[in-house]
Amino acid sequence: MSEREPRPRTVGVVLAGGVGRRVGHDTPKQLLEIAGRTILEHTLALFEGAPEIDEIMVLMAPGFTGEVERIVERGGFTKVGRILEGGASRPETTWRALRALGTREECLVLLHDAVRPLAEPRIIADCVEALRTFSAVEVAIPSSDTIVVTSRGPRGEVVSDVPDRAGLRRVQTPQCFRLSVIREAYERAFADPGFGDRPPTDDCGVVLRYLPDVPIHVVPGSERNMKVTHPVDLFVADKLLRLAAGDVPARSETALRDALEGRTVVVLGADDAGAEVAELAGRHGAHVFPIGFPAADFRAVADALARVVKETGGIDYVVSTAGAPPGRIDAVDDAAIAETVSVNHLGPVTVARAALPHLRETRGQLLFHAPSPARDGTGDGLRAFAGAAVTGLTRALAEEWAGYGVRVNCVDPGRAGTTAPPGPPAPYAVARASLDVLASGVTGQVVGARPGPSPVSPDVRP
């Protein structure tokens, strides 16, 4: 395919046929939840968001296709066109996908393990680009460990060879092909009586064995593109996904306007960051309703939201800002503790109860603010106590409300990178981070706001 030829239709095939025995669950491991969503949802979101992907096909463990259908409907994964049952082995599952794709049209096929939810968009883009030149593409990374070859000795395994690791690579997915090439490789494989006795562990192995003249190009993978196989992998992947979601990229002014223009935003709270959210959202075309009374008053919050709905017809976003008197636990009085509990424990719960009926109607988003850190950098146990409550509630509600299509996130001004300057973020930085989250598709995430002044776009803020 030359650079000027249009790219053929590109299909992401998500192979989800495993049952999770090595992670110790009866449920297929791709349906286990990490970072607020099932592993499969994270993987589908990766391919849904990739502009290079035209269609997604899911091959699921037998008996669980109905659950995938519910996930696709709930998550709004519009690129998913087919959900099929997988086979008893990886080759059988791949073959079912290839048969479903048919023979009438050439296309590009990216075969990806459902339990690799941390693949980067860059990898997908590089693979599709490589398929302009090559007919088969493998994703791999160098081995940082020494690999040994063993043989059986009289008392167990012994090392028989130590290959030069400079030429060794660890294979990942997606594995990518022109449909005609991978189909021909599998047709030859299934025609070989000895194929089942020595099945390859990946699809490029089938091409290498049965179409040895076809070069397999290697695209660099990523250490993050791990496969969730063992119990510890669930923990590691959960932490990596939460960290990745905590770095929600800054949206362009156009993207913010697309997400906010004509939408209804309710901002609860009277702090500076809340005021900045209201101003900035309004400048991007939102209908903004600031509400400044205490969020812990359920009847007041519910009545206020009802009035907004009566005026606008619905609420798309609710932003609940928070404040807590910072200080060391051993230096605060009972009044400060009571205020913290009211504002940062009861307040978010009250707002959530009052907002849910309206956000279910619009499939909107609830965004919390955790309290800001102390300005002088002193011990801040009270803020940590309050912040833990807000962030914990965020993740719990995201899971509870996923079935309603309602997203729940949190901006934590105290969460910043290690290179960030000391001190709390400016209110504008918190507000800008808030709008970036509202415009994103994440849920269940705690996102930092970088301390210090934020760049100001001259066409948005004078």
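Small disclaimer: the values here were computed from a predicted structure and weren't measured.
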### Query
Any side-chain heavy-atom pair from L366 and Y317 closer than 4.5 angstrom?
no

### Separation between CG of L280 and CG of L256, rounded to the nearest 0.5 Å
7.5 Å

### CD on E400 to CG on L393, rounded to 0.5 Å
8.0 Å

Using residues 188-202 as the side-chain source, report each donor-acceptor pair under 3.5 Å to any protein atom, sequence neighbours left out, with the distance given to one decimal.
unit_1	atom_1	unit_2	atom_2	d
R188	NE	E184	OE2	3.4
R188	NH1	Y210	O	3.1
R188	NH2	E184	OE2	2.8
D192	OD1	G194	N	2.9
D192	OD2	Y210	OH	2.6
D202	OD1	G205	N	2.9
D202	OD2	Q175	NE2	2.8

### Query
Is a donor on one side and an acceptor on the other found under 3.5 Å between the side chain of T391 and the backbone of A388?
yes

### Query
Backbone N or O of V80 within a donor-acceptor pair of the E55 side chain at under 3.5 Å?
no

#### Entry: Donor-acceptor contact below 3.5 Å, side chain E48 vs main chain L46
no

### Message
Could you check whether T10 and E52, counting side-chain N and O atoms only, form a donor-acceptor pair closer than 3.5 Å?
### Response
no

## Note on the structure
Rounded to the nearest 0.5 angstrom, the OG-CD1 distance for S135 and I182 is 11.0 Å

#### Entry: Candidates T173, V13, V11, I53 - the one meeting side-chain contact (heavy atoms from CB on, under 4.5 Å) with L110
I53

### Message
So does V171 get a backbone contact from the side chain of E138, meaning a donor-acceptor N/O pair under 3.5 Å?
### Response
no

### Query
With side chains defined as the heavy atoms from C-beta onward, is the minimum distance between T443 and W401 less than 4.5 Å?
no

### Query
Minimum heavy-atom separation for A130 to V137, with atom names?
CB-CG2, 3.8 Å

### Task
Verify, without hydrogens or angle tests, whether D233 (side chain) and H230 (backbone) share a donor-acceptor contact under 3.5 angstrom.
yes

### Query
Mind checking whether L211 and V181 have side chains closer than 4.5 Å, heavy atoms only?
yes

### Task
Flag the pair D145 and R170 as a salt bridge only when some basic side-chain nitrogen lies within less than 4.0 angstrom of an acidic carboxylate oxygen.
no

### Query
Do Q172 and R116 touch side chain to side chain, with heavy atoms closer than 4.5 Å?
yes

### Query
Hey, are N409 and Q365 close enough side-chain-wise for a donor-acceptor pair under 3.5 Å?
yes

Would you list the atom pairs, donor with acceptor, under 3.5 Å between side chains in residues 149-163 and any protein atom, with sequence neighbours excluded?
unit_1	atom_1	unit_2	atom_2	d
T150	OG1	E157	OE2	3.3
S160	OG	V149	O	3.1

### Task
Using a 4.5 Å cut-off on heavy atoms from C-beta on, say whether the side chain of K29 contacts that of L31.
no

### Query
Thinking salt bridges, do R37 and E399 make one under a 4.0 Å N-O criterion?
no

#### Entry: Distance-minimising heavy-atom pair for H369 and V390
O-CG1, 4.2 Å

### Query
Does the D436 side chain pair with the main chain of R251, one donor and one acceptor, at a distance under 3.5 Å?
yes

### Query
Salt bridge or not for E67 and R70, using N-O below 4.0 Å?
yes

### Message
What I'd like to find out is whether the side chain of L438 reaches to under 4.5 Å of the side chain of V319, using heavy atoms alone.
### Response
yes

#### Entry: Nearest heavy atoms of P174 and C127, plus distance in Å
CG-SG, 4.2 Å

### Query
R432 and E253: salt bridge (Lys or Arg N to Asp or Glu O under 4.0 Å), yes or no, with the steps?
CA-CA 11 Å; R432 180 55 195 249; E253 299 301 331; 3.0 Å; yes

### Task
Output yes when a side-chain donor or acceptor of S434 lies under 3.5 Å from a complementary backbone atom of V277, and no otherwise.
no

### Message
Donor-acceptor check, side chain of R82 to backbone of A100, threshold 3.5 angstrom: yes or no?
### Response
yes

### Query
Do you know which two heavy atoms are closest between F64 and P28, and how far apart they sit?
CZ-CD, 3.4 Å

### Summary
Closest heavy-atom pair, Q30 versus T38, reported as atoms and distance to 0.1 Å, is O-CB, 3.9 Å

### Query
Less than 4.5 Å apart, any side-chain heavy atom of T133 and any of H217?
no

### Task
Using only heavy-atom distances, determine whether the side chains of S222 and E120 contain a donor-acceptor pair under 3.5 Å.
yes

### Query
Between V446 and R395, does a side chain to side chain contact (heavy atoms under 4.5 Å, CB included) hold up when you go through it step by step?
CA-CA 8 Å; V446 179; R395 288 166 177 150; 3.6 Å; yes

### Nearest-0.5 Å distance that lies between atom CD1 in I56 and atom NZ in K79
6.5 Å

### Query
Minimum heavy-atom separation for L234 to I34, with atom names?
O-CG2, 3.8 Å

### Query
Is Y404 atom OH crowded by more than 12 heavy atoms from other residues, nucleotides or ligands, each under 6.0 Å away?
no

#### Entry: Check: I71 and E41 side chains under 4.5 Å, non-hydrogen atoms
yes

### Query
Where do M60 and E85 land on the side chain to side chain contact (heavy atoms under 4.5 Å, CB included) test, with the steps shown first?
CA-CA 5 Å; M60 186 59 189; E85 286 195 347; over 6 Å; no

#### Entry: Gap separating the CD1 atom of I216 from the CZ atom of F134, nearest 0.5 angstrom
11.5 Å

### Query
For E73, does the CD atom sit with more than 12 other heavy atoms under 6.0 Å from it, leaving out its own atoms?
no

### Query
Rounded to the nearest 0.5 Å, how far does OG of S89 lie from CH2 of W95?
13.0 Å

### Query
So, are R7 and D54 salt-bridged, with charged N and O less than 4.0 Å apart?
yes

